[in-house]
Amino acid sequence: MLTGSTTGISTFKGEERALRADRMGTPSLLFSVIAASAPLMVVAGVMPNGYGVMGIVGQPLVFVLLGVVLALFSVGYAEMSRHVHNAGAFYAYIARGLGGTAGTGASIVALVAYAPLQYGVYGLFGFEISSQLSEHANVTVAWWIPALGGVVLIGLLGWLKIDLNAKVLGVLLVIEITMVVIFDISGILDPSKEGLSLHAFNPGTLSGAGLGSALALCLAGFVGFEQSPVYAEETSRPQILVARVTFLAIGFISLFYALGSWVLTVATGPSHIVGESAKQGSNLLFTLAQDRLGTGFTDVLHLFFVTGMFACLLSFHNVVARYAFAMGREGLLPSAFGRTNRTTGAPAFGSLLQTVISLAAVAVFAITDGKPAGDPTAPVLRLFVWSGNIGALGIMVLLATTSIAVIVFFVRRGAARAQAWRIAASAVACAGLAVIIVYTVRDFDVLLGSEAGSPLTWILPGIVGAAAVGGLAYGLVLRSVNPQRHARIGLGNEAVQISKARASGGPGAPDSAAT
């Protein structure tokens with residue numbers, strides 16, 4: 001029931017405008033974050049593509065270098081999490097550092113980035129289930145049928161409390177990681193004729209025209225590490241847990257991926273990894289596993305390839321739901337999105353929004369099923385590759401902008417000297433991320449696997465640019481027509497408390513969310 005609104009941010013009785021606290025500890029938060037990175041999907045899909053398409057043998061070294069860059073980014077990012085607790089994470093940090101207009105632009109970019117990252121996986125998810133049903137049950141099912149089933153199931157789980165989701169993610173993730181570790185051990189114990197070569201860690205392997213694209217592709221494998229602040233309001237000690245989980249996630253992901261990509265070179269031989277990856281694609285991991293561990297293990301690996309994608313879908317669904325919730329709570333989306341489920345405390349309308357978007361996306365690509373003729377994987381690959389690259393580019397832009405916001409935030413607070421090393425780390429990370437963004441946009445045709453000069457090479461990255469420009473324009477309009485709401489962008493639940501205080505005659509809000 002509406003009880004009062006004086007600034008365009010409506011308030012409701014009960015807990016409908018706040019996510020329930022103390023629902024997540026370190027393990028459940030860490031599971032949710034790492035699950036979004038989809039370890040098995042990266043090892044089976046991203047790594048062979050990186051070797052085969054980019055031709056860079058030094059992929060393990062790329063993962064290590066990116067881990068360093070993202071660790072530097074997280075120095076300021078984690079410190080920011082101690083000052084700002086908001087399910088809007090990226091856009092909230094940017095708003096508090098660069099102001100409400102920049103925060104509004106970032107909120108739109110975040111939705112445009114995370115939504116495609118989530119629904120793009122449905123293509124691969126549906127295709128893998130369809131392929132396994134055909135192979136093991138002799139049942140022919142179009143890829144979009146299990147994909148749509150996954151959308152509905154994920155949507156239902158999105159309405160449930162985060163505790164159940166975290167348990168589901170945890171169980172699936174532990175088994176998935178264990179399967180990859182078993183393969184890694186088998187590859188080390190049974191290497192190719194070239195032996196346990198460390199050639200992939202030689203800096204000389206990073207030379208070549210494909211380095212920029214390899215950096216972009218490998219960085220996409222890390223996407224998910226940044227999600228812990230999204231759950232800050234639902235943790236018991238956000239000042240401690242968010243930073244802890246962020247660094248644990250980066251450390252684990254970088255080492256896990258470096259090891260996994262190195263074992264692929266060991267199992268095939270560094271001199272053959274590019275050719276074998278180009279030939280087999282995502283089948284490379286399963287072929288190598290079958291040679292060393294047998295058909296039974298490989299069949300189980302396929303099963304957890306599916307469950308790993310399910311965990312990834314569930315994790316990203318939760319993130320989009322919370323971004324929509326944060327935006328609805330602050331008036332950037334209709335106020336209904338800022339309400340939680342009375343029974344479970346989940347951001348119900350945000351969850352429903354992502355479910356509807358996913359249903360529409362899968363439906364659009366399902367219409368093109370079988371086109372062009374003779375290429376049944378075409379719609380699946382388009383859904384997965386196009387959406388994934390749009391999302392990854394959007395996240396890169398948010399990472400770089402957040403680094404700038406962190407610097408400005410502490411300088412404006414007069415803490416530049418106390419936070420000098422964190423500011424320096426953020427600056428170095430921002431420079432590195434900017435270079436990767438330039439390479440990504442320049443080599444977008446390589447990432448898409450399209451011909452040079454294809455309109456897609458500017459249309460798809462243009463979506464991220466249009467989201468940023470449109471979001472900034474929205475912020476400017478909001479600042480003009482409703483300066484009080486604009487000033488509270490990024491304040492999260494604090495904005496709701498201020499609104500309640502104003503409705504009861506209490507003190508008002510601060511003049512700017514950047515203060």
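Start at 1 with the first residue, then count along the sequence.
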*Asks:* Under a 3.5 Å cutoff, is there a donor and acceptor pairing between the side chains of Ser32 and Gln227?
*Replies:* no
*Asks:* Decide side-chain contact (heavy atoms from CB on, under 4.5 Å) for Leu124 and Met309; before the verdict, give the C-alpha distance in whole Å, the side-chain angles of both, and the deciding distance to 0.1 Å.
*Replies:* CA-CA 8 Å; Leu124 193 58; Met309 286 187 283; 3.7 Å; yes
*Asks:* Can you name the residues that form a ring pair (Phe, Tyr, Trp, His ring centres under 6.0 Å) with Phe73, not counting sequence neighbours?
*Replies:* Tyr77
*Asks:* Look at the aromatic rings of Phe256 and Phe252 and report parallel, tilted or perpendicular, splitting at 30° and 60°.
*Replies:* parallel
*Asks:* For a quick test of reading the model, state the closest non-hydrogen atom pair linking Ala311 to Leu172 and the distance between them.
*Replies:* CB-CD1, 4.2 Å
*Asks:* Say whether, by atom type as modelled, one donor and one acceptor occur between the side chain of Ser351 and the main chain of Pro347 under 3.5 angstrom.
*Replies:* no
*Asks:* Leu65 versus Leu215: any side-chain heavy-atom pair under 4.5 Å?
*Replies:* no
*Asks:* Got a sec, which residues hit side-chain contact (heavy atoms from CB on, under 4.5 Å) with Val411, two or more places apart in sequence or on another chain?
*Replies:* Ile407, Ala416, Ile423
*Asks:* Report yes if some heavy atom in the side chain of Arg479 is under 4.5 Å from a heavy atom in the side chain of Tyr474; otherwise report no.
*Replies:* no
*Asks:* Between Trp386 and Phe365, is there a side-chain heavy-atom distance shorter than 4.5 Å?
*Replies:* yes
*Asks:* Parallel, tilted or perpendicular: which describes the rings of Phe222 and Tyr257, with under 30° parallel and over 60° perpendicular?
*Replies:* perpendicular
*Asks:* Run the numbers on Ser358 and Gln118 for side-chain hydrogen bond (donor to acceptor under 3.5 Å, both in side chains), then give the verdict.
*Replies:* CA-CA 8 Å; Ser358 297; Gln118 200 256 2; 2.9 Å; yes
*Asks:* Tell me, with the steps shown, if Ser74 and Thr246 meet side-chain hydrogen bond (donor to acceptor under 3.5 Å, both in side chains).
*Replies:* CA-CA 7 Å; Ser74 296; Thr246 300; 5.8 Å; no
*Asks:* Nearest heavy-atom pair of Ser81 and Ala243: which atoms, and what distance?
*Replies:* OG-N, 4.1 Å
*Asks:* Go through the steps for Trp458 and Asp445 under the test side-chain contact (heavy atoms from CB on, under 4.5 Å), then give the verdict.
*Replies:* CA-CA 9 Å; Trp458 59 267; Asp445 57 332; over 6 Å; no
*Asks:* Using side-chain heavy atoms (C-beta onward) and a distance below 4.5 Å, is Leu472 in contact with Val469?
*Replies:* no
*Asks:* Less than 6.0 angstrom separating the ring centers of His317 and Phe310, yes or no?
*Replies:* no
*Asks:* Given Tyr93 and His83, is the ring-ring contact (aromatic ring centres under 6.0 Å, His included) satisfied, shown in steps?
*Replies:* CA-CA 9 Å; Tyr93 291 4; His83 300 267; 9.8 Å; no
*Asks:* Parallel under 30°, tilted from 30 to 60°, perpendicular over 60°: which one fits the rings of Tyr91 and Tyr323?
*Replies:* tilted
*Asks:* Looking at Phe305, is its backbone amide N or carbonyl O close enough to the side chain of Glu128 to form a donor-acceptor pair, meaning the two atoms are under 3.5 Å apart?
*Replies:* no
*Asks:* With a 4.5 Å heavy-atom cut-off, do Leu219 and Ile395 have their side chains touching?
*Replies:* no
*Asks:* Between Ile108 and Met327, is any pair of side-chain heavy atoms under 4.5 Å apart?
*Replies:* yes
*Asks:* I want to check something: taking the side chain as every heavy atom from C-beta on, are Met47 and Val42 in contact at a cut-off of under 4.5 Å?
*Replies:* yes
*Asks:* List the atom of Val84, the atom of Arg96, and the distance in Å for their closest heavy-atom pair.
*Replies:* CG2-CG, 3.9 Å
*Asks:* Have Asp443 and Ser213 got a donor and an acceptor in their side chains that come within less than 3.5 Å?
*Replies:* yes
*Asks:* Indicate yes or no: at least one non-hydrogen side-chain atom of Met396 is less than 4.5 angstrom from one of Ile436.
*Replies:* yes
